[in-house]
Amino acid sequence: MTNQYVPTDDDRRQVAEMARIGTPQEGIAKVLAIDPKTLRKNFREELDTAAEIANAKVGGSLYEMATNGNVTAAIWWTKARMRWSETAKHEVTIDDGG
């Protein structure tokens with residue numbers, strides 16, 4: 001007789017949190033004391049959506065900072081999201097001795 005793994009709500013919260021911060025699946029499985037295949041089978045949704053949820057949260061935080069006067073956040077936003085860049089003008093002169 002085999003023991004069938006049944007995830008709890010606490011397990012789901014823990015997996016989602018660990019996956020959002022980038023913990024490798026092998027590490028999450030180790031914490032839960034399950035095989036990585038069991039992790040992927042039972043927590044597919046948490047694993048598949050974790051990065052997008054984390055990115056949305058960080059993006060929202062950055063947006064709030066940028067729109068509330070944080071100049072560094074605003075500069076980063078324009079470069080990363082709007083593809084703005086700083087341009088430098090370089091002038092080269094050659095002294096031909098004359």
Side-chain angles (χ1 to χ4, degrees):
M1 181 180 209
T2 61
N3 291 339
Q4 181 72 22
Y5 176 76
V6 179
T8 66
D9 289 342
D10 285 339
D11 291 342
R12 291 198 180 285
R13 279 190 286 279
Q14 185 172 23
V15 168
E17 182 179 326
M18 292 178 77
R20 278 194 301 268
I21 63 172
T23 305
Q25 291 181 9
E26 292 76 18
I28 298 170
K30 189 180 292 186
V31 168
L32 293 178
I34 60 175
D35 188 87
K37 288 181 184 178
T38 302
L39 174 77
R40 289 187 286 276
K41 176 183 173 186
N42 288 278
F43 297 96
R44 186 77 270 150
E45 183 176 347
E46 290 84 358
L47 297 171
D48 287 349
T49 60
E52 296 306 322
I53 291 169
N55 289 345
K57 186 168 181 136
V58 171
S61 177
L62 175 65
Y63 174 81
E64 288 300 318
M65 290 188 295
T67 57
N68 285 312
N70 183 316
V71 176
T72 302
I75 291 170
W76 193 92
W77 184 275
T78 60
K79 288 181 178 183
R81 293 287 306 256
M82 299 169 63
R83 305 287 187 239
W84 288 15
S85 64
E86 298 174 30
T87 58
K89 189 175 185 179
H90 298 281
E91 188 173 318
V92 178
T93 60
I94 299 174
D95 184 4
D96 64 2

Note: with side-chain heavy atoms under 4.5 Å as the link, the other cluster members for Ile53 come out as none
Can you name the closest pair of heavy atoms from Ala19 and Glu46 and give their distance?
CB-O, 4.4 Å
List for me each residue that meets side-chain hydrogen bond (donor to acceptor under 3.5 Å, both in side chains) alongside Thr8, sequence neighbours excluded, and say none if there are none.
Asp11
Write out all pairs satisfying side-chain hydrogen bond (donor to acceptor under 3.5 Å, both in side chains) with one or both partners inside residues 13-25, taking only residues at least two apart or from two chains.
Asp10-Arg13, Gln25-Arg40
Considering all heavy atoms, the nearest Leu39-Ala29 contact
CD2-N, 4.2 Å
Applying ring pair (Phe, Tyr, Trp, His ring centres under 6.0 Å), can you list everything that pairs with Tyr63, at least two apart in sequence or on another chain?
Trp77
Share the residues that join Val6 in a hydrophobic cluster, the rule being Ile, Leu, Val, Met, Phe, Trp or Tyr side chains under 4.5 Å apart at the heavy-atom level.
none
Within residues 24-50 or reaching into it, pairs that qualify as ring pair (Phe, Tyr, Trp, His ring centres under 6.0 Å) - sequence neighbours excluded
none
Kindly state each residue pair satisfying ring pair (Phe, Tyr, Trp, His ring centres under 6.0 Å) with at least one member in residues 11-33, sequence neighbours excluded.
none
Going hydrophobic residue to hydrophobic residue with side-chain gaps under 4.5 angstrom, can you get from Ile75 over to Val58?
no
Results of salt bridge (Lys or Arg N to Asp or Glu O under 4.0 Å) for Glu26 - residues two or more places apart only:
none
Pairs touching residues 48-61 that satisfy side-chain hydrogen bond (donor to acceptor under 3.5 Å, both in side chains), sequence neighbours left out:
Arg44-Asp48
Less than 3.5 Å apart, which donor and acceptor atoms pair up between the side chains of residues 81-88 and the rest of the protein, not counting sequence neighbours?
from  : atom 1 : to    : atom 2 : distance (Å)
Arg83 : NH1    : Ala80 : O      : 2.5
Glu86 : OE2    : Lys79 : NZ     : 2.8

Going by atom type alone, with no hydrogens or angles, which donor-acceptor pairs under 3.5 Å involve a side-chain atom of residues 30-38 and a protein atom two or more places apart or on another chain?
from  : atom 1 : to    : atom 2 : distance (Å)
Asp35 : OD2    : Lys37 : N      : 2.8

Residues sharing Ile21's hydrophobic cluster, by side-chain heavy-atom contacts under 4.5 Å among ILVMFWY, directly or via others?
none
